[in-house]
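Everything on this sheet refers to the single structure shown next.
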Amino acid sequence: MQLIDADGENRGITETLEARRMAEDAGLDLVLISPNAKPPVAKILDLGKLKYEQQKKAAAARKKQKTVEVKEVKMRPNIDTHDYEVKMKAVKRFFEDGDKVKVTLRFRGREMAHQQLGMQLLQKVREEVGDISKVEAEPRLEGRQMMMVLAPK
């Protein structure tokens, strides 16, 4: 096997028994780094220290990872222009943070007779944020609510 000693120097091809003896003399472990290589590569090191460093790397990677949340923005079909602008500003802020946005339109009473107004409003939202987002779930009606999910590009 190809042996790398505790100092990181390549010792060349060494017999397995000789490599084990060298690891024992150094008070360390013989760890097979790349078993599929020709010849296999082994390194003399402290196995506990190696596992500890791997755990630290994994923890740091998890810490940097961002979880994507789904933020919900609720509207009504006859929303006023200023209210609409405020909601759209919030939607754009959510996209900047890397979150998905679920746009929900709630119909009340006789508004159910004018579902096309709700569909037009969702199309307007889609067009306004089309350059920074993509549609993940097309607008669909569930009971008295029409929903659409948008994800950042």
Side-chain angles (χ1 to χ4, degrees), residues 1-77 79 82-107 118-153:
M1 73 174 50
Q2 185 79 20
L3 182 66
I4 300 169
D5 66 5
D7 300 326
E9 293 180 29
N10 190 347
R11 290 291 181 108
I13 296 177
T14 312
E15 289 293 320
T16 307
L17 294 172
E18 176 67 18
R20 280 189 180 160
R21 189 189 56 71
M22 290 172 72
E24 274 183 34
D25 290 346
L28 297 171
D29 303 307
L30 182 67
V31 179
L32 203 57
I33 300 295
S34 144
N36 297 333
K38 297 283 183 207
V41 179
K43 191 172 186 179
I44 297 174
L45 49 79
D46 185 5
L47 188 60
K49 189 175 180 182
L50 177 72
K51 285 185 177 182
Y52 174 74
E53 287 173 0
Q54 287 174 341
Q55 282 179 336
K56 291 289 265 188
K57 282 182 186 176
R62 277 195 305 273
K63 194 174 184 181
K64 290 179 185 175
Q65 190 175 13
K66 176 160 184 351
T67 55
V68 176
E69 294 181 39
V70 178
K71 303 283 189 170
E72 186 172 19
V73 175
K74 293 184 178 182
M75 298 182 189
R76 296 275 311 279
I79 189 169
H82 181 263
D83 295 336
Y84 174 79
E85 289 167 6
V86 169
K87 298 279 186 182
M88 290 311 295
K89 195 182 293 184
V91 167
K92 289 175 184 172
R93 190 178 69 244
F94 294 150
F95 286 140
E96 288 169 7
D97 294 342
D99 296 322
K100 292 181 182 179
V101 177
K102 178 179 175 182
V103 182
T104 305
L105 242 87
R106 174 166 250 136
F107 294 96
M119 189 59 83
Q120 289 170 1
L121 183 62
L122 288 179
Q123 294 299 331
K124 184 178 173 185
V125 169
R126 172 193 278 180
E127 290 168 12
E128 195 166 318
V129 294
D131 56 327
I132 58 172
S133 70
K134 59 182 179 281
V135 178
E136 196 166 88
E138 292 292 329
R140 67 179 186 278
L141 189 70
E142 290 182 10
R144 292 191 162 272
Q145 293 185 52
M146 193 176 281
M147 287 179 278
M148 174 174 69
V149 179
L150 300 166
K153 278 189 178 174

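In this chain, numbering begins with 1 at the start of the sequence shown.
- Looking at heavy atoms from C-beta onward, R93 lies out of side-chain contact with K89 at the 4.5 angstrom threshold.
- In this structure, K92 and I132 have side chains that are in contact, with non-hydrogen atoms separated by less than 4.5 Å.
- Qualifying side-chain hydrogen bond (donor to acceptor under 3.5 Å, both in side chains) partners for E53, counting only residues two or more places apart in sequence or in other chains: none.
- Between A151 and F95, the shortest heavy-atom contact is C-CE2, 3.9 Å.
- The number of heavy-atom neighbours closer than 6.0 Å to NZ of K153, taken from other residues, nucleotides and ligands shown, is above 12.
- When each of V70, L122, V125 is tested with L150 by the rule side-chain contact (heavy atoms from CB on, under 4.5 Å), just one qualifies, namely V125.
- When side chains are defined from C-beta on, K100 does not count as touching E69, because their heavy atoms never get closer than 4.5 Å.
- When all heavy atoms of P40 and L32 are compared, the pair lying nearest together is CB-CD1, 4.2 Å.
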Determine, stepwise, if the pair K102 / M148 fulfils side chain to side chain contact (heavy atoms under 4.5 Å, CB included).
CA-CA 6 Å; K102 178 179 175 182; M148 174 174 69; over 6 Å; no

I'd like to know whether D29 forms a side chain to side chain contact (heavy atoms under 4.5 Å, CB included) with L45, so could you lay out the CA-CA distance, the side-chain angles of the two residues, the decisive distance to 0.1 Å, and finally the verdict.
CA-CA 5 Å; D29 303 307; L45 49 79; 5.6 Å; no

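- With sequence neighbours left out, E128 forms a side-chain hydrogen bond (donor to acceptor under 3.5 Å, both in side chains) with Y84.
- Atom CG of residue D5 and atom CE of residue M22 lie 6.5 Å apart, to the nearest 0.5 angstrom.
- I44 and A19 get closest at one heavy-atom pair: CD1-O, 4.3 Å.
- Proximity of V73 to V101: side-chain heavy atoms (C-beta onward) are separated by under 4.5 Å at one or more points.
- Residue R126 qualifies as enclosed at atom CZ: its count of foreign heavy atoms under 6.0 Å is above 12.
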Step by step, would you call V135 with V149 a side chain to side chain contact (heavy atoms under 4.5 Å, CB included)?
CA-CA 6 Å; V135 178; V149 179; over 6 Å; no

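- Screening R140, R144, Q145 against E142 for a side-chain hydrogen bond (donor to acceptor under 3.5 Å, both in side chains) leaves a single residue, R140.
- When only modelled atom types and interatomic distance are considered, E72 and T104 share a side-chain donor-acceptor pair under 3.5 Å.
- One distance of note links NZ of K43 with CG of L50; it measures 8.5 Å at 0.5 Å rounding.
- With a 4.5 Å cut-off on side-chain heavy atoms, L3 and L30 count as touching.
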For V103 and M147, run side chain to side chain contact (heavy atoms under 4.5 Å, CB included): C-alpha distance rounded to whole Å, both residues' side-chain angles, the deciding distance at 0.1 Å, then the answer.
CA-CA 6 Å; V103 182; M147 287 179 278; over 6 Å; no

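- The structure places NZ of K124 at 9.0 Å from CE of M88, a figure rounded to the nearest 0.5 Å.
- Between the NE2 atom in H82 and the NZ atom in K87 there is a gap of 12.0 Å [rounded to 0.5 Å].
- Side-chain atoms of D97 never come within 3.5 Å of backbone atoms of D99 as a donor-acceptor pair (strictly under, hydrogens ignored).
- Atom-to-atom distance recorded for M1:CE and I33:CD1 is 11.0 Å, nearest 0.5 angstrom.
- With contacts defined as side-chain heavy-atom distances shorter than 4.5 Å, the pair I79/L121 qualifies.
- No more than 12 heavy-atom neighbours from other residues, nucleotides or ligands sit within 6.0 angstrom of CZ on R11.
- Residues K134 and P152 approach most closely at NZ-O, 3.3 Å, considering heavy atoms.
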